[in-house]
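So the structure is just underneath, and the comments pick up after that.
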Amino acid sequence: MATPLPHADALTAEEKASLTSGKSFWESTGVDRVGIPSIYLTDGPHGVRKQREGGDHLGIGDSVPATCFPPAVALGSTWDPQLLERVGNALGDEAKAEGVGVLLGPGINIKRSPLCGRNFEYLSEDPILSGRLGAALVDGLQARGVGASLKHFAANNQETDRMRVSADIDERPLREIYLRGFQHIVEHSRPWTVMCSYNRINGVYASEDPWLLTTVLRDEWGFEGLVVSDWGAVNDRVRALVAGLDLEMPSSNGVTDAQLVAAVASGELDESVLDTAANRVIDLIAKAVDGADASADYDRDAHHALAREVAGRSIVLLKNDGILPIDPTAGVKIAVIGEFARTPRYQGAGSSQIVPTRLDNALDELRELAGSSEISFAPGYALGGADDAGLVDEAVGVAAAADVAVVFLGLPGEDESEGFDREHLELPAAQTALLEAVLAANPRVAVVLSNGGAVRLSGWAGRASAIVEGWLLGQAGGGAIADVLFGAVNPSGRLAETIPLRLEDTPAFLDFPGEAGHVRYGEGLFVGYRYYDSRDAAVDFPFGHGLSYTTFDYSGLTAVQSEVGLEVTVTITNTGDRVGREVAQVYVGVPGSVAVRPVRELKGFASVEVGAGASREVTIVIPSEDLAYFDSASAAWTVESGDYTVTVGASLRDLRASVVVPVTGDAGLAELKIDSTLGEWLKHPIGGQILGAAFAQGAGAEMGAMLADPAMLRMAESMPLNRVASFPGSPITFEQLEQLVAVVNAQVHAAS
Ligand code: BGC
């Protein structure tokens with residue numbers, strides 16, 4: 001039951017204006033006179049960053065301790081919505097215990113370039129994966145009566161000049177790549193709030209873009225919640241309110257509230273617009289009040305255990321020649337090398353930085369699980385320090401005396417943060433030099449990586465025996481790494497982003513981060529794997545890749561079109577001797593498409609646990625809406641009729657089986673126009689017949705005979721018929737053409 005609160009019509013213009021902006025950095029404004037309270041909105045996304053009383057404004061590094069779950073880069077690698085829903089539940093419980101009404105997340109922006117400084121806060125380079133996983137986080141959080149804030153809406157794919165830059169994107173990639181995940185979550189999970197981004201899109205600030213905030217978000221997608229600004233994203237408060245931005249955060253100390261009141265008084269702003277925004281704020285407050293529970297608490301140990309489970313599920317085993325897992329009962333001498341083993345890098349910097357309830361490190365956790373193994377340690381490098389030959393020599397000595405070396409490498413914390421982008425994909429030179437020295441002393445090396453954004457591995461990946469991509473794993477990551485190295489957890493993470501061979505190979509390389517206030521998304525639809533795959537270009541590790549300590553077979557693939565979309569069924573058999581989890585990925589291509597398309601695109605997936613030697617049949621449903629592409633000509637989502645190639649794989653480059661399914665798309669033939677080309681006429685099912693008949697006799701016969709010559713036909717195909725009509729001696733007049741167009745289009749309408 002919603003708590004009854006007064007509506008905007010009970011308030012003065014000043015009170016309404018004050019409601020639509022913050023009281024402080026983290027609180028909305030209430031109206032005491034009529035009993036409207038304020039609520040807390042707090043970061044987010046992978047933990048609760050509630051500022052301490054009296055702490056600094058931003059509260060970074062000074063928030064109340066909370067469980068630091070794995071950041072989005074790790075969560076994305078789980079490919080498991082059910083698991084993420086549990087994370088959402090836990091985040092909701094913690095937010096509630098801290099009296100927080102809205103948690104500022106999830107962030108679902110697409111990883112357009114691996115250089116984006118905030119990629120650790122985002123889930124994937126693919127919108128279907130980001131949309132599904134983001135929806136699960138929203139569902140889990142909101143099930144606890146705490147609102148989500150889906151961010152950053154939209155096209156905030158870089159940090160360089162993020163508060164002003166214009167992301168210049170054609171509508172089709174904007175819809176299909178950058179908005180698609182937002183659309184899915186808004187339509188299916190109904191987040192209480194959406195946070196508009198700082199940047200401009202095609203020249204217009206997201207905070208004051210009526211097309212984005214009203215036409216698309218509300219009119220097309222049916223959003224009924226509240227739009228909040230990113231902190232400081234409002235450029236012109238009156239214009240923003242009119243565009244559909246309801247709540248400005250943080251407080252402007254009343255300055256912009258007064259602008260709204262003045263605009264209402266002068267008639268520049270229709271008061272009903274202010275009423276609408278104020279009512280949306282009141283609705284949000286009512287929901288938060290309903291969800292609140294002053295006695296709420298959570299079990300810190302249970303949440304730490306969940307953080308460890310999720311971290312274990314996030315780790316991606318990129319390579320393994322059999323060196324892993326290490327048997328803890330076999331008396332193996334293990335050299336643990338690298339400062340990151342002792343001082344973990346577990347989250348990124350900026351507004352998402354959580355003060356953890358506790359912090360595990362891999363070295364202690366490995367010792368804990370070591371059994372009869374012997375563990376020695378050498379830091380190998382100093383974080384933030386200069387190269388140190390002594391540290392390398394010590395590490396080489398330790399490695400040489402061991403059976404196996406586990407080398408922890410990664411990006412220094414200062415390389416990755418909100419607010420700026422990375423400039424390269426390289427690990428620190430001191431770390432790669434250490435690795436080379438260790439490899440020379442003992443070739444049995446497993447590398448464990450800690451990095452929020454993809455790094456180049458291609459210089460040494462071929463020579464390491466195993467590579468464990470640990471991303472940033474949150475406060476319990478140390479234990480999760482130990483679990484995977486010793487085989488207590490069978491790795492099941494899969495890459496949610498491609499690891500390229502070189503920065504120069506990446507799709508946005510020539511168009512990132514732009515210049516003179518604009519960044520042109522020149523690669524269009526071809527973002528991430530869509531680019532590498534369509535160019536058949538080599539990558540280091542492909543999208544969807546991740547190994548297990550067991551192996552899986554795929555069989556019996558079928559795909560049928562049903563009322564809801566495509567139903568894809570496949571049987572997965574665990575052909576190894578230990579239980580494991582496989583992520584079956586369904587890629588769809590439309591080879592004969594009328595539209596430009598990537599060779600194949602992820603359309604569905606399932607994460608399933610299969611016992612040793614057992615088989616499981618999995619059905620993955622791809623809703624019709626996910627089969628649609630955005631047709632630029634009609635500016636509408638369209639499911640094309642035709643033969644679709646449905647491929648199931650263990651990664652984009654480990655495709656296991658394919659079937660071709662005829663799909664009946666949206667009815668509706670395209671209309672013809674007077675400037676449609678001869679080729680378009682002839683290919684059109686109705687136009688082709690009518691034109692064919694006209695060319696078979698009378699004045700058209702000569703033209704018909706000419707076009708019977710394939711070379712002539714090929715040359716003439718690209719000619720618009722209205723141009724043909726204006727030629728001297730044309731077999732068709734302009735008036736006749738107009739009549740033909742009318743006849744064809746009448747039949748098109750009758751058929752649809
Ligand atoms: C970030 C948001 C964050 C907000 C509040 C902004 O700078 O872009 O992601 O939620 O600050 O800290």
Side-chain angles (χ1 to χ4, degrees), residues 21-28 39-52 55-64 66 68-69 71-73 75 91 95 98 100-111 116-123 130 134 137-138 141 146-165 167 181-182 185 191-201 205-207 225-235 245 247-252 284 347-355 416-421 452:
S21 75
K23 171 167 97 179
S24 65
F25 235 87
W26 306 113
E27 283 164 287
S28 74
I39 59 166
Y40 264 98
L41 303 95
T42 287
D43 287 307
H46 58 271
V48 178
R49 187 170 71 91
K50 171 95 183 290
Q51 184 196 5
R52 274 181 209 279
D56 69 87
H57 273 338
L58 292 172
I60 293 174
D62 189 27
S63 48
V64 174
C68 178
F69 289 98
V73 59
L75 297 179
L91 289 168
E98 296 300 345
V100 169
V102 175
L103 193 73
L104 303 175
I108 64 149
N109 296 88
I110 291 293
K111 302 188 198 216
C116 173
R118 229 174 160 180
N119 273 0
F120 64 85
E121 270 193 73
Y122 301 141
L123 292 161
S130 304
L137 286 164
V138 171
L141 184 67
V146 174
S149 196
L150 188 61
K151 68 189 189 182
H152 307 89
F153 189 58
N156 179 185
N157 309 102
Q158 66 185 50
E159 293 298 284
T160 306
D161 204 16
R162 68 171 166 157
M163 296 185 105
R164 299 179 310 185
V165 73
F182 285 99
I185 298 172
W192 292 7
T193 79
V194 166
M195 182 193 290
C196 82
S197 57
Y198 289 124
N199 53 287
R200 292 176 291 151
I201 301 172
Y205 279 108
S207 63
L226 168 139
V227 177
V228 58
S229 71
D230 197 344
W231 268 229
V234 172
N235 172 59
L245 183 124
L247 174 62
E248 176 183 36
M249 286 301 287
S251 160
S252 74
L284 176 70
Q347 64 177 334
S351 63
S352 66
Q353 211 171 302
I354 305 304
V355 173
E416 296 190 283
S417 170
E418 176 177 343
F420 58 88
D421 293 316

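Counting starts at 1 for both ligands and their atoms, following the listed order.
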**Request:** Please name all residues satisfying salt bridge (charged side-chain N to carboxylate O under 4.0 Å, His left out) with D230, sequence neighbours left out, ordered by chain then number.
**Result:**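 For D230, no residue satisfies salt bridge (charged side-chain N to carboxylate O under 4.0 Å, His left out) once neighbours in sequence are set aside.
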**Asked** What atoms of ligand 1 come closer than 4.0 angstrom to any heavy atom of K151?
**Response**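 So the answer, numbered in order with elements, is 2 (C), 3 (C), 9 (O), 10 (O).
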**Asked** Which of the numbered atoms in ligand 1 are below 4.0 angstrom from a heavy atom of R49?
**Response**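 Ligand 1 atoms under the 4.0 Å threshold to R49: 12 (O).
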**Item:** Partner of H152 under side-chain hydrogen bond (donor to acceptor under 3.5 Å, both in side chains), chosen from E121, R118, R162
**Value:**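 Exactly one candidate clears the test, R118.
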**Request:** Assess F25 for proximity to ligand 1: is some non-hydrogen atom of it under 4.0 Å away?
**Result:**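 No, that is not the case, since the closest heavy atom of the residue is not under 4.0 Å from the ligand.
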**Asked** With a 4.0 Å cut-off on heavy atoms, is R118 touching ligand 1?
**Response**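 True for this residue.
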Looking at every heavy atom in both [X] and [Y], which two are closest together, and how far apart are they?
X    : Y    : answer
A95  : V146 : CB-CG1, 3.8 Å
S352 : P45  : CB-CD, 3.7 Å
P250 : G232 : CD-N, 3.7 Å
L245 : V228 : CD1-C, 4.2 Å

Do ligand 1 and [X] have nitrogen or oxygen atoms that lie under 3.5 Å from each other?
X    : value
E121 : no
H152 : yes
E418 : yes

